[in-house]
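In this text, all values refer to a predicted model and were calculated from it rather than measured experimentally. Lettering of chains follows the sequences in order, A, B, ..., and the numbering in each one begins at 1.
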There are 4 protein chains.
Amino acid sequence: MFHTIIVAGNIGRDPEMRYTPSGVAVTSFSVASSRQYSNAQGQAVKETIWFRVSCWSKLAEYANTYLKKGNKVLIEGRLVPDTTTGGPRIWNRSDGTTSASYEINAVTIRSLATRSESEGTANNSSGFPEYSEPSIEEDDIPF
Amino acid sequence: MFHTIIVAGNIGRDPEMRYTPSGVAVTSFSVASSRQYSNAQGQAVKETIWFRVSCWSKLAEYANTYLKKGNKVLIEGRLVPDTTTGGPRIWNRSDGTTSASYEINAVTIRSLATRSESEGTANNSSGFPEYSEPSIEEDDIPF
Amino acid sequence: MFHTIIVAGNIGRDPEMRYTPSGVAVTSFSVASSRQYSNAQGQAVKETIWFRVSCWSKLAEYANTYLKKGNKVLIEGRLVPDTTTGGPRIWNRSDGTTSASYEINAVTIRSLATRSESEGTANNSSGFPEYSEPSIEEDDIPF
Amino acid sequence: MFHTIIVAGNIGRDPEMRYTPSGVAVTSFSVASSRQYSNAQGQAVKETIWFRVSCWSKLAEYANTYLKKGNKVLIEGRLVPDTTTGGPRIWNRSDGTTSASYEINAVTIRSLATRSESEGTANNSSGFPEYSEPSIEEDDIPF
DNA sequence: TTTT
DNA sequence: TTTT
């Protein structure tokens, strides 16, 4: 079956890239997506969700190169569950408390930065790649 | 900022409807979304994610009336975070362990059941409502 | 059945608001969503899609007030088909040619502008509303 | 920039597969997505949108093998515009009229058929592949 | 008609 | 707790 999650938000800290033992690049970063709304009592409420985003291979290398703390990004991907519970993974922190996070395996990443904001970081004029399926020439299409 | 999650899956147990103190209907049910894939070693892996879905008001009444355990559904909505951590809410279970879940506040629910499967439950021929914005007559459009 | 389209892009011209005969506000504007990619011959190709967005009622008033030509926006909505063909509507232009367009009835609109860019137009610090379901107090939730 | 379209609907005719001159498989089929709603006068309206779906390579081969007329499917992909207008492509039909269509380049295809319906065609027990990113072993993850 |  |  299908699920997908699409998030627009701001990167919380500079991305970090590592390599798997087999040499595949993996980049991780957090994205905060906030909204304000008014509750039933008419009070303004600010809600922030944090997502932990991972991406792989070529997408990892570009994210590591071009995305920086504070950048506005759009992410599409899949939630990564705990394989035994089917829910979010639970972590034991060093202080004895437990926490959980929304982990996303990204399939698509787009920078929403504009030229003025990005100064050499990710935006469309700086060569940040827009992830897309391999293209095929129109002349190559048989219909 | 924006986020949305779209899930296709199967309902784990019959929906339950309650009312808020102010009289608003709230229906809850779980949806399992499973997929098989082959890992790097070529082994088949089955991954199931469980979502806890809530819906409100008219959508709650219809879900309670028409959706049943086992039905295939499509859900669109927003993740509901813990307001202090911005991550998934953590629950203390009676056995002393903790767990977390993907909670979705549904905006759209569609039954993917077919007539033969549904026998009086939700499908498009049985009157299950497709949630949609209030329509406006074409003649009413000023352009 | 379900369909949804999610678009990030730039507004092509200032939005225009009108009213239906029954007094409902309707705002229309165009959004361009461009991407560059390399084709099979390794040549850079620029592809731009234009969407004609309509929104209604409160969303229409806010779009008319806060969105301006050039703003970056995120739109979620439904495609509006020709009711007889089920495809895009076809228009006869004054020069005798025909054209078609991707019309979207927006359910969600988010400004992706940042404070520095927007100078009094739509951004999250200027009070642009984030469209959302009516909220219900946590204390009101019966589970 | 980003756009994506997600459609649930029924396949209108058996898929057809061809090959590009360079030998890439391309499969095409139509999907109808219908909904009923009540208009401002309270009358039931049925709206059907037709999408023309293309997919490539391995996805094309599977679609050609497993999807049949009448199957319920979920499609995610991108709209394919006319490269000069940025709108839908316009076709001249043999009878002199013009038409346009919503063309989708599919990235994801899921069969929503159930065992009883599919009898050897696409469903999850018959080996229909769920399109997904290449997986990487958990042990391979460096964090 | 936008933007980078 | 679902489904294939």
Side-chain angles (χ1 to χ4, degrees), chain A residues 1-3 66 85-87 110-130, chain B residues 7-16 28-36 44 46-53 67-75 99 101 112-113 117, chain C residues 7-16 28-36 44 46-53 67-75 99 101 112-113 117, chain D residues 1-3 66 85-87 110-130:
Chain A
M1 300 276 27
F2 173 84
H3 91 262
Y66 293 113
T85 68
R110 288 287 185 284
S111 173
L112 300 173
T114 53
R115 188 201 298 266
S116 59
E117 301 169 303
S118 51
E119 297 180 21
T121 67
N123 70 354
N124 293 331
S125 60
S126 69
F128 184 79
E130 303 217 333
Chain B
V7 175
N10 298 285
I11 296 180
R13 214 177 295 175
D14 285 353
E16 293 178 11
S28 303
F29 54 97
S30 290
V31 172
S33 187
S34 302
R35 62 168 184 150
Q36 277 88 22
K46 178 178 178 180
E47 176 192 279
T48 298
I49 308 190
W50 284 95
F51 297 96
R52 183 97 191 127
V53 179
L67 300 183
K68 302 296 174 208
K69 175 179 176 175
N71 283 178
K72 196 167 285 192
V73 290
L74 188 150
I75 307 288
S99 70
S101 56
L112 300 172
E117 300 169 302
Chain C
V7 175
N10 298 285
I11 296 179
R13 214 176 296 172
D14 285 352
E16 292 178 12
S28 303
F29 55 97
S30 290
V31 172
S33 186
S34 302
R35 60 167 185 151
Q36 277 87 23
K46 179 178 178 180
E47 175 192 279
T48 297
I49 307 188
W50 284 96
F51 298 95
R52 184 95 190 128
V53 179
L67 301 183
K68 302 294 175 211
K69 175 180 176 174
N71 284 178
K72 196 166 287 191
V73 289
L74 187 149
I75 306 289
S99 70
S101 55
L112 299 173
E117 300 169 302
Chain D
M1 300 277 25
F2 173 86
H3 91 262
Y66 294 113
T85 69
R110 289 285 184 285
S111 173
L112 299 173
T114 53
R115 189 200 297 267
S116 58
E117 301 169 303
S118 51
E119 299 180 18
T121 68
N123 69 355
N124 294 331
S125 61
S126 70
F128 184 78
E130 303 217 333

Query raised in the report: Rounded to the nearest Å, what distance is computed from the NZ atom of residue B:Lys68 to the P atom of nucleotide F:dT1?
Result: 20 Å
Report task. Grab the CG-P distance between B:Asn71 and F:dT2 for me, whole Å please. Result -> 13 Å
Query - Exercise: identify the closest heavy-atom pair between B:Pro15 and B:Leu67 - result: CD-O, 3.1 Å
Query raised in the report: How close or far is atom C1' of E:dT2 from atom CG of C:Leu112, stated in whole angstroms?
Result: 13 Å
Requested in this report: Starting at atom NZ of B:Lys72, determine the distance to atom C1' of F:dT4, rounded to an integer number of angstrom.
Outcome: 7 Å
Query - Aromatic ring of B:Trp50 stacked on base six-ring of F:dT2, 5.5 Å, 30° - result: no
**Report entry** Selected nucleotide, minimal atom distance to B:Arg13 side chain, candidates F:dT1, E:dT2, F:dT4
**Finding:** F:dT1
Report task. Round to a whole Å and report the spacing from CZ of C:Phe29 to P of E:dT2. Result -> 16 Å
Query raised in the report: Looking for any heavy atom pair under 4.0 Å, which part of the strands does C:Ser33 touch: base, sugar-phosphate only, or nothing?
Result: nothing
Query - Between C1' of E:dT4 and CG of C:Asn10, the distance in whole Å - result: 8 Å
**Report entry** Closest contact, heavy atoms only, C:Arg52 versus C:Ser28
**Finding:** NH2-CB, 3.4 Å
Report task. Round to the nearest Å and state the distance from C:Asp14 atom CG to E:dT2 atom P. Result -> 11 Å
Query raised in the report: Does B:Lys46 make a side-chain donor-acceptor contact with the base of F:dT3, cut-off 3.5 Å?
Result: yes
**Report entry** Set of side chain to side chain contact (heavy atoms under 4.5 Å, CB included) partners for B:Ser101, sequence neighbours left out
**Finding:** B:Trp91, B:Glu103
Query raised in the report: By side chain to side chain contact (heavy atoms under 4.5 Å, CB included), which residues pair with C:Ala8, not counting sequence neighbours?
Result: A:Leu74, C:Leu112, D:Met1, D:Phe2
Report summary line: Considering only heavy side-chain atoms of B:Ala32, the closest of F:dT4, E:dT4, F:dT2 is F:dT2
Query - Between F:dT3 (P) and A:His3 (NE2): distance, integer Å - result: 20 Å
Requested in this report: Scan C:Gly70 against the nucleic acid and name what it touches under 4.0 Å (heavy atoms): base, sugar-phosphate only, or nothing.
Outcome: sugar-phosphate
Query raised in the report: Are any of the side-chain heavy atoms of B:Phe29 and B:Ile75 separated by less than 4.5 Å?
Result: yes
